[in-house]
Amino acid sequence: MEVAEEAETETRALKPCLLRRNHSREQHGVAASCLEELRSKACDILAIDKSLAPVTLVLAEDGTIVDDDDYFLCLPSNTKFVALASNEKWAYSNSDGGTAWISQESFDVDETDSGGGLKWKNVARQLKEDLSSIILLSEEDLQVLIDVPCSDLAQELCQSCGTVQGLQNTLQQVLDQREEARQSKQLLELYLQALEKEGSVLSKQQESDAGFSDKMDAVDAGSNRESSSGITLASQVLTALKEKPAPELSLSSRDLELVTKEDPKALAVALNWGLKKTETVQQACHQELSLRLQQVQSLRSLRSVSARRSSLPGEPREPKRARQEPT
């Protein structure tokens with residue numbers, strides 16, 4: 001009876017713990033009733049050479065040395081321990097989500113072995129200390145954190161995978177915004193260069209036309225007198241036809257229609273052009289007018305389709321409206 005009670009007491013006194021070496025992320029679950037038993041199991045499970053004894057057990061959370069059985073019994077279940085051999089020294093590190101387990105010696109080894117693998121960790125630590133440092137991160141650093149597996153980054157930042165996924169999405173948005181800003185700047189530079197080039201071309205054109213202004217005014221006046229009865233175009237339309245490099249792009253649709261309806265011979269006299277050049281301009285105006293009408297029809301068609309879809313989605317389409325739309 002007493003033997004059974006003692007055995008039951010020992011069974012209840014067993015404390016589940018988590019053990020790991022100071023240079024490994026792999027941890028083992030063990031149960032021990034005292035520190036000596038935990039040290040013994042640590043040597044066996046973690047394959048610690050006996051020549052490295054004595055083994056020191058420290059709390060993985062803050063490196064507190066646990067060498068008192070009473071203190072050990074007061075610790076909660078599944079407490080994490082780091083087993084340190086005689087030649088190892090515990091050093092704080094938050095690289096495993098707040099659990100300090102890595103020694104300075106093993107840290108130096110990891111830094112040499114992993115190389116670029118530690119880069120994302122350093123960037124993550126910087127981000128953990130100050131979230132606003134996202135603004136200061138280079139595009140390379142942003143991309144590094146985006147490429148890190150969500151689970152690894154979550155462990156490093158002591159956050160849930162959902163929170164870290166949102167963070168990575170934000171980092172991607174910051175990266176995209178920088179790329180958009182770069183492209184916008186390039187487009188603006190190209191636009192300014194085009195304006196500068198166009199300004200120089202117009203300046204040269206104005207200088208070349210200045211010498212002929214008197215002659216052109218005289219010709220225009222004579223042409224207007226000769227064709228005043230046959231030309232219905234406004235003076236600003238005639239001016240656009242004569243001065244603009246692509247006049248069809250500058251005129252309204254109504255003016256384009258008027259230009260196409262003019263008699264080529266009368267228009268040629270009014271513009272003091274040859275008949276062939278006048279017909280070419282009229283053809284360009286006709287093509288531009290046709291293109292604009294097609295765009296208007298396409299826009300109206302899209303609007304009608306959108307209106308039918310959004311009006312009564314549960315009812316069939318009305319055939320009468322479908323027939324009336326083209327007209």
Sub-3.5 Å donor-acceptor pair from the side chain of R20 to the main-chain atoms of V82, do we have one? no
Heavy-atom side-chain proximity of Q172 to L175 below 4.5 angstrom: yes
So, taking the atom named CG in D68 and the one named CG in L35, what distance separates them when rounded to the nearest 0.5 Å? 7.5 Å
Checking Q193 against E189: is there a side-chain donor and acceptor pair closer than 3.5 Å? no
If you round to the nearest 0.5 Å, how far is CG of L145 from OG1 of T170? 12.0 Å
Near E140 CD, under 6.0 Å, is it more than 12 heavy atoms from other residues, nucleotides or ligands? no
Taking all heavy atoms of E257 and all of T260, pick out the closest pair and write down the distance. O-OG1, 2.7 Å
Under a 4.5 Å side-chain heavy-atom rule over Ile, Leu, Val, Met, Phe, Trp and Tyr, are L84 and L18 clustered together? no
Is R39 close to D67 at the side-chain level, that is, under 4.5 Å between some pair of heavy atoms? yes
To the nearest 0.5 Å, tell me how far L258 CG sits from S252 OG. 8.0 Å
Rounded distance (nearest 0.5 Å) linking atom CD1 of I146 with atom CD of Q173: 10.0 Å
Hey, are the side chains of L19 and L38 touching, using non-hydrogen atoms and a 4.5 Å cut-off? yes
Over all heavy atoms of both residues, which pair between V164 and A154 is shortest? Give the atoms and the distance, please. CG2-CA, 3.4 Å
Say whether, by atom type as modelled, one donor and one acceptor occur between the side chain of K15 and the main chain of L73 under 3.5 angstrom. yes
From Q165 atom CD to T163 atom OG1, the distance as rounded to the nearest 0.5 Å: 10.5 Å
Is any side-chain heavy atom of Q159 closer than 4.5 Å to one of L167? no
Heavy-atom neighbours of L291 CG exceed 12 at 6.0 Å: yes
Could you pull out the closest heavy-atom pair between W120 and D152, with the gap in Å? CH2-O, 3.7 Å
Of all heavy-atom pairs between L157 and A124, which one has the smallest distance, and what is that distance? CD2-O, 3.4 Å
Say whether, by atom type as modelled, one donor and one acceptor occur between the side chain of K80 and the main chain of E61 under 3.5 angstrom. no
Are L75 and F81 side-chain neighbours, meaning at least one heavy-atom pair lies under 4.5 Å? yes
For residues 277-287, which side-chain N or O atoms pair as donor and acceptor with protein atoms under 3.5 Å away, sequence neighbours left out?
from	atom 1	to	atom 2	distance (Å)
T278	OG1	G274	O	2.9
T280	OG1	K276	O	2.9
Q282	NE2	V259	O	2.9
Q282	NE2	E262	O	2.9

Spacing of N78 atom CG and Q27 atom CD [to the nearest 0.5 Å]: 9.5 Å
Minimum heavy-atom separation for L59 to Y71, with atom names? CD1-OH, 3.8 Å
Going by side-chain hydrogen bond (donor to acceptor under 3.5 Å, both in side chains), name the residues that satisfy it together with T79, two or more places apart in sequence or in a different chain. none
Working for salt bridge (charged side-chain N to carboxylate O under 4.0 Å, His left out), residues E26 and R21: CA-CA 8 Å; E26 184 179 5; R21 289 296 301 272; over 6 Å; no
Could you tell me whether a side-chain N or O of E37 sits under 3.5 Å from a main-chain N or O of L14, the two making a donor and an acceptor? no
Under a 4.5 Å cut-off applied to non-hydrogen side-chain atoms, are L238 and L267 in contact? yes
V55 versus C43, closest heavy-atom pair with distance: CG2-SG, 3.5 Å
Does some side-chain heavy atom of L271 sit less than 4.5 Å from a side-chain heavy atom of L241? yes
